[in-house]
There are 2 protein chains.
Amino acid sequence: MKHAMRATPVCGLRERKKQRTRDALIRAAIELFVVKGYERTTVDEIAAEVEVSQRTFFRYFAGKEEVALALEDSVEEAFVTAVAERPAGEPPFEALRAALDESWHSISAVIAAVVPLSTYMAMYRVIESTPTLLSAQMRHSALVEGRLASVIAAREGLDPADPRPRVLVAAVGGVIRVAQRLWGDGDETSVESIRRITEEHLDMLVPVLAQPWDEHQGVSGISLFQT
Amino acid sequence: MKHAMRATPVCGLRERKKQRTRDALIRAAIELFVVKGYERTTVDEIAAEVEVSQRTFFRYFAGKEEVALALEDSVEEAFVTAVAERPAGEPPFEALRAALDESWHSISAVIAAVVPLSTYMAMYRVIESTPTLLSAQMRHSALVEGRLASVIAAREGLDPADPRPRVLVAAVGGVIRVAQRLWGDGDETSVESIRRITEEHLDMLVPVLAQPWDEHQGVSGISLFQT
DNA sequence: TGGTCAAATGTCAGGCACTGACATAATCTC
DNA sequence: GAGATTATGTCAGTGCCTGACATTTGACCA
């Protein structure tokens, strides 16, 4: 404890080794989950694949869930960063939309550094179809929403007790999840596809709250009818 | 299997006994969770309290989570029913608001039939502060949102693929959860209080999506600033 | 170079959630 | 009341996860 701790010291053989085992565990886990299913994959199998003990696995991840959601975590992180970096003058809803739109590239880069995008999509389907994982993922979303609300409150110089940021983020977050789910049910793996779907869904948010619904209202309602 | 199965045959000593043990398990579980915390309460303890075997507990509930969320489940059920019963002419957003407003009474009645309302509120705090439970509850919400979306799609005579009901319900659901959380953090146990908070939050939904935020816009923004 | 310290890993024992299989006891039906 | 049905108990076993302790590995310095 002679020197101050650095957040992520890239130097050092030790740290590099740790990072490699961590990535290896994520990779092995996701591969097994995709092939065998989440429930039918044991932690022992994952550990064996990377040739570490089960105990070591649990020193990297608090639980089986965590390794399954490690990628989702990175994605969420990238999005929060993107929002925080939006110009201050932008209205909140617009800032969220713009951040989402511009962060797709960094997001897909983060993912591709660990597994191919198609594997990620397969893993997304596993998450959606596994109650335990879906639960955990929803909680993650809730935490991210909390952080986003804080970011927006700060941007707008609002009292932390002001509920408006939370209301906005909750609504937008809900819509994003709907769009994601639709993407997961489709066949189109591309980043462009999920970007488009999300955008179209967000476009619907305001008109959908208008009191009587038109027959086929909104900019792009029709293009979504087939998936 | 001579006669057709009835959904909930109130008659018969057997059924009544089952209902009683089920309620007893819920009651005992909630009481223990509130006092000792969720994680530190074992299924054996709950079963012992009701004087049944652990195995029997698992025949009533698929897991420890399920008994903890049994009440939430009833609440959600009451809400879905209320939405389904709204007059057909009503615009979707309005129908959700009205259903919510009128279902508080039946909701509190359902709860009070098992535990006092204050215990329910304590249990709500336990849920919010226990990762596992929070996760499971979020998933429940997602499932309910799916059902609500179907109900609305049917009301409006829409194609099931039309994303608008899902978008609406996701946004509204998110806002309701924000309101609930605020209620849970406060001291006011009354039904009137959560009804008011929820209503005020929903009032914020439309203005909050408007592009630049006013200083203190919206009908009742100010009354929410203290918790 | 070798010694020392801290961090990473392995091993072991154990608790708790949950499940299948089978035996027993309680209700229901006739 | 006999026989069928259904709820319950018991037991053994698997899998997730944790604490405690021993061992190894890489970092740092004389």
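Chain letters run A, B, ... following the sequence lines, proteins first, then strands; residues in each count from 1. As a basis for the values below, the full set of heavy atoms in this structure was taken, side chains included, without hydrogen atoms, waters or symmetry mates.
One interatomic measurement links the two molecules: NZ of B:Lys17 to C1' of C:dT27, which rounds to 8 Å at whole-angstrom precision. In this entry the distance linking CG of A:Asp44 with P of D:dG15 reads 8 Å, nearest Å. A:Gln54 places its CD atom 13 Å from the C1' atom of C:dA13, with the value rounded to the nearest Å. If you take NZ of B:Lys18 and P of D:dT6, they are 9 Å apart, rounded to a whole angstrom. Rounded to whole angstrom, the span from the CZ atom of A:Arg20 across to the P atom of C:dA8 amounts to 15 Å. A:Arg55 places its CZ atom 12 Å from the C1' atom of C:dA13, with the value rounded to the nearest Å. Whole-Å rounding puts the A:Glu66 CD to D:dC17 C1' distance at 13 Å. Summarising the geometry, the separation between CD on B:Glu15 and C1' on D:dT6 is reported as 10 Å, rounded to the nearest angstrom.
For the pair B:Arg14 and B:Val52, both in contact range of DNA chain D, the more 5′-proximal nearest nucleotide belongs to B:Arg14. Checking A:Tyr60 against B:Ala62, the closest nucleotide of DNA chain C that is more toward the 5' end is the one next to A:Tyr60. Taking for each of A:Glu51 and B:Phe61 the nucleotide of DNA chain C with the nearest heavy atom, the 5'-most of the two is the partner of A:Glu51.
For B:Arg40 and B:Glu45, the salt-bridge test fails: no basic side-chain N is under 4.0 Å from an acidic carboxylate O. Contact check on B:Glu49 versus B:Arg27 returns no salt bridge, with no Lys/Arg side-chain nitrogen under 4.0 Å from an Asp/Glu carboxylate oxygen.
Checked against A:Arg177 for a salt bridge (Lys or Arg N to Asp or Glu O under 4.0 Å), the options A:Glu72, A:Glu145, A:Glu128, A:Glu76 give a single hit: A:Glu145.
Using a 4.0 Å heavy-atom cutoff across all strands shown, A:Ser53 reaches at least one base atom of the nucleic acid. At a threshold of 4.0 angstrom between heavy atoms, the contacts of B:Thr132 with the nucleic acid are absent.
Comparing atom distances between the A:Val43 side chain and each of D:dC11, D:dC16, C:dC18 picks out D:dC16 as nearest. Comparing D:dG26, C:dC12, D:dC16 by their closest approach to the side chain of A:Lys64 singles out D:dC16.
In this structure, B:Thr56 reaches the D:dG9 phosphate: one of its side-chain N or O atoms is under 4.0 Å from OP1 or OP2.
Scanning atom types as modelled, one donor and one acceptor separated by under 3.5 angstrom connect the side chain of A:Arg59 and the base of C:dG10. Between the side chain of A:Arg16 and the base of D:dG26 there is no donor-acceptor pair of N/O atoms closer than 3.5 Å.
A distance of 13.0 Å separates CH2 in A:Trp183 from CZ in A:Arg196, rounded to the nearest 0.5 Å. Rounding to the nearest 0.5 Å places OH of B:Tyr38 at 5.0 Å from NZ of B:Lys64.
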